[in-house]
Amino acid sequence: MQTPSRTELPLVADSSGCGCCSTEARTAPPAEKGVEYGVEGLTCGGCVARVEKAVLSLDGVESAAVELVPGGVSRLVIAGPAELSAVREAVASAGYALTSS
């Protein structure tokens, strides 16, 4: 088996950047039931992944999905029991902040 050279790999003509750094909004799966929070400071898919991973590590959290709004307030929807203070701390540990409410 021969590995193709870099010049043979297909290039994508997309100005939005890589999947990690795309500034296009990512659509979160609709949550039937869950608690919604606003998160400030997210700019790319990497940010989304860090927040989701941090929140999913909390006891009782069944799912966590972020709808990215670059430069604005992104939407975090959590299914399962989670204390606000624990969610706030998990988001902060990922480097971001819940909006005040």
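Since the structure is predicted, the reported quantities are computational estimates derived from the model, not experimental observations.
For the pair L98 and V39, the minimum side-chain heavy-atom distance is below 4.5 Å. Within the 4.5 Å cutoff, side-chain heavy atoms of L76 are placed close to those of V87.
Atom NZ of K53 is separated from atom OG of S93 by 10.5 Å, given to the nearest 0.5 angstrom. Taking CD1 of I78 as the reference point, atom OG of S63 lies at 8.5 Å (rounded to 0.5 Å). Atom OH of residue Y37 and atom CZ of residue R88 lie 9.0 Å apart, to the nearest 0.5 angstrom.
Closest of all the heavy-atom pairs between V61 and A82 is CG2-CB, 3.8 Å. Contact between A97 and V91 at its shortest, heavy atoms only, is N-CG1, 3.8 Å. Of all non-hydrogen atoms in A64 and L56, the two that sit nearest each other are N-CD2, 3.6 Å.
Partners of A94 by side chain to side chain contact (heavy atoms under 4.5 Å, CB included), not counting sequence neighbours, listed by chain and number: R50, V51, A54, Y96. Taking A86 as the reference, L58, E83 meet the side chain to side chain contact (heavy atoms under 4.5 Å, CB included) condition, with sequence neighbours excluded. V73 is linked by a side chain to side chain contact (heavy atoms under 4.5 Å, CB included) to E40, T99, counting only residues two or more places apart in sequence or in another chain.
A donor-acceptor pair under 3.5 Å is formed between the side chain of E52 and the backbone N or O of V66.
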